[in-house]
Trainee: 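Before I ask anything, let me first share the structure, which is written out below as structure tokens.
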Amino acid sequence: MGSCGQGFVLGCCLLLAIAWGPVLSLVPRGQQEHLEWEEEGPPSPLNHEKRDEDTREKYSPSQGQDPTSRCYRCCDPGTPVYQTIPPPQINITILKGEKGDRGDRGLQGKYGKTGSTGARGHIGPKGQKGSMGAPGDRCKNHYAAFSVGRKKALHSNDYFQPVVFDTQFVNLYEHFNMFTGKFYCYVPGIYFFSLNVHTWNQKETYLHIMKNEEEVVILYAQVSDRSIMQSQSLMLELREQDEVWVRLFKGERENAIFSDEFDTYITFSGYLVKPASEP
């Protein structure tokens, strides 16, 4: 062949060597020995015995050498069993540091659901008797009533005269003053008042029911040959410390009311109808 043909053949051989080189390196050792045996021909008995000795010397421990430091094949008989080395233990107490400072208080959490009512506890021992309290205010009494009378006749003079009564029928909580002849209001509210007198023959009867210094209503009877019973009544709304009383008119006219020590002809009464504290 020419020079061109020889160059082509050498290039092909080179490419095959490059391609098959890695593949041949992956062939197992036994197969490689078999291929070598086929290429070289059957070994002689002497070469075979020499190879076994080399193998035993290669994989058997030598004198004075630690067997664990040599390499063994897993398929060889008498392969030593290696003990598993336990993992190292770490003493955590050595690594524990000092206790740190107390942290800040956290935010308050949400309130939980209301629990069920617990069982009623046992009755405790009876306590000691307390001391007596202070007396209450008189104005807190929601009752007021009085009824008084007069057994003496009364004639007018140059001045106005309050009618003073000498007989007491009812005087609840002493709201009517028998010395001044006036009712003093301690419980504000609406009151009813009534005045009854007996006229005098041939004399005029002229009185007023007063609230404080104000003339509220009049009780009047003209001059007559005979005496009669005369009355007047009304309702007033009073505030605390208001005064209600009866006044005889002064002596511009002959004015008088009749009574005697045997019978009561003159009466003045009043009572609370509705206290102001009630709605």
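Atoms considered below: every heavy atom in the structure, side chains included; atoms not considered: hydrogens, waters and symmetry mates.
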Trainee: Using atom types as modelled and distance alone, determine if a side-chain donor or acceptor of Asn255 lies under 3.5 Å from a backbone N or O of Tyr206.
Mentor: yes

Trainee: Would you please test Lys203 and Val223 for side chain to side chain contact (heavy atoms under 4.5 Å, CB included) and show each step?
Mentor: CA-CA 5 Å; Lys203 291 185 179 181; Val223 177; 5.9 Å; no

Trainee: Return the minimal non-hydrogen interatomic distance between Ser194 and Asn196, and the atom names on each side.
Mentor: OG-ND2, 3.5 Å

Trainee: Does the side chain of Ser259 come under 3.5 Å of the side chain of Lys152 through a donor N or O and an acceptor N or O?
Mentor: no

Trainee: If you measure from OG on Ser227 to CD on Gln202, what distance do you get to the nearest 0.5 Å?
Mentor: 10.5 Å

Trainee: State, to 0.1 Å, how close Gln230 and Leu219 come at their nearest heavy-atom pair, and which atoms those are.
Mentor: CG-CD2, 3.6 Å

Trainee: Ion pair present between Glu243 and Lys182, side-chain N to carboxylate O less than 4.0 angstrom?
Mentor: yes

Trainee: Looking at Val187 and Leu272, what are the two nearest heavy atoms and their distance?
Mentor: CG1-CD2, 3.8 Å

Trainee: Could you check Val148 against Thr267 for side chain to side chain contact (heavy atoms under 4.5 Å, CB included), going step by step and ending with a plain yes or no?
Mentor: CA-CA 6 Å; Val148 293; Thr267 61; over 6 Å; no

Trainee: Distance check, rounded to the nearest 0.5 Å: Leu195 atom CG versus Ile266 atom CD1?
Mentor: 8.5 Å

Trainee: Measuring from His122:NE2 to Arg120:CZ, what's the distance to the nearest 0.5 Å?
Mentor: 11.5 Å

Trainee: Which heavy atom of Gly181 sits nearest to which heavy atom of Trp245, and what is that distance?
Mentor: O-CB, 3.6 Å

Trainee: I'd like to know if Phe169 and Tyr191 are part of one continuous hydrophobic network [Ile/Leu/Val/Met/Phe/Trp/Tyr, side-chain heavy atoms within less than 4.5 Å].
Mentor: no

Trainee: Show your reasoning for whether side chain to side chain contact (heavy atoms under 4.5 Å, CB included) applies to Tyr265 and Phe258.
Mentor: CA-CA 7 Å; Tyr265 289 90; Phe258 174 82; 3.9 Å; yes

Trainee: To the nearest 0.5 Å, how far apart are NZ in Lys113 and OG in Ser116?
Mentor: 13.0 Å

Trainee: Please check if the side chain of Gln232 supplies one atom and the backbone of Leu207 the other of a donor-acceptor pair under 3.5 Å.
Mentor: no

Trainee: Which atom pair, heavy atoms only, marks the closest approach of Ala145 to Val170?
Mentor: O-CG1, 4.1 Å

Trainee: Is there side-chain contact between Phe193 and Met235, with at least one heavy-atom pair below 4.5 Å?
Mentor: no

Trainee: Quick check against the 3.5 Å criterion: does Thr199 have a side-chain atom that pairs as donor or acceptor with the backbone of Ile228?
Mentor: yes

Trainee: Given the rule that I, L, V, M, F, W and Y join up when any side-chain heavy atoms are under 4.5 Å apart, are Tyr271 and Leu234 in one cluster?
Mentor: no

Trainee: Is the gap between the ring centers of Tyr186 and His175 under 6.0 Å?
Mentor: yes

Trainee: Give the cluster check for Leu248 versus Ile218: same hydrophobic cluster or not, with ILVMFWY residues linked at side-chain heavy-atom distances below 4.5 Å.
Mentor: no

Trainee: Compute both the distance and the angle, then confirm whether Arg150 meets the cation-pi test with Phe165: under 6.0 Å from the six-membered ring centre, within 45 degrees of the axis.
Mentor: no

Trainee: Could you tell me if the side chain of Gln168 sits less than 4.5 Å from the side chain of Glu174, heavy atoms only?
Mentor: yes

Trainee: Does a side chain donor of either Ser147 or Ser269 reach within less than 3.5 Å of an acceptor in the other side chain?
Mentor: yes

Trainee: Please report whether the ring centroid of Phe249 lies less than 6.0 Å from that of Phe160.
Mentor: yes

Trainee: Hey, does the side chain of Asn212 reach the backbone of Glu214 with a donor-acceptor pair shorter than 3.5 angstrom?
Mentor: no

Trainee: Above 12 or not: heavy atoms from other molecules or residues under 6.0 Å from CD of Gln222?
Mentor: no

Trainee: Can you find a heavy atom in the side chain of Thr205 that is under 4.5 Å from one in the side chain of Tyr220?
Mentor: no

Trainee: Are Met178 and Ile209 connected, step by step, through hydrophobic side chains (Ile, Leu, Val, Met, Phe, Trp, Tyr) whose heavy atoms are closer than 4.5 Å?
Mentor: yes

Trainee: Give me the atom names and distance for the closest heavy-atom approach of Glu237 to Lys211.
Mentor: O-NZ, 3.2 Å

Trainee: Please report the C-alpha distance between Asp260 and Lys151 in whole Å, then the side-chain angles of each, then the deciding distance to 0.1 Å, and finally whether the side chain to side chain contact (heavy atoms under 4.5 Å, CB included) criterion is met.
Mentor: CA-CA 5 Å; Asp260 59 37; Lys151 290 181 176 291; over 6 Å; no

Trainee: Going only through I, L, V, M, F, W and Y residues with side-chain contacts under 4.5 Å, is there a path from Val246 to Val164?
Mentor: no

Trainee: Using only atom types and a distance under 3.5 Å, with no angle test, would you say the side chain of Asn157 pairs donor to acceptor with the backbone of Lys250?
Mentor: no

Trainee: Given the side-chain rings of Phe146 and Phe183, with only the six-membered ring counted for Trp, is the space between their centroids under 6.0 Å?
Mentor: yes

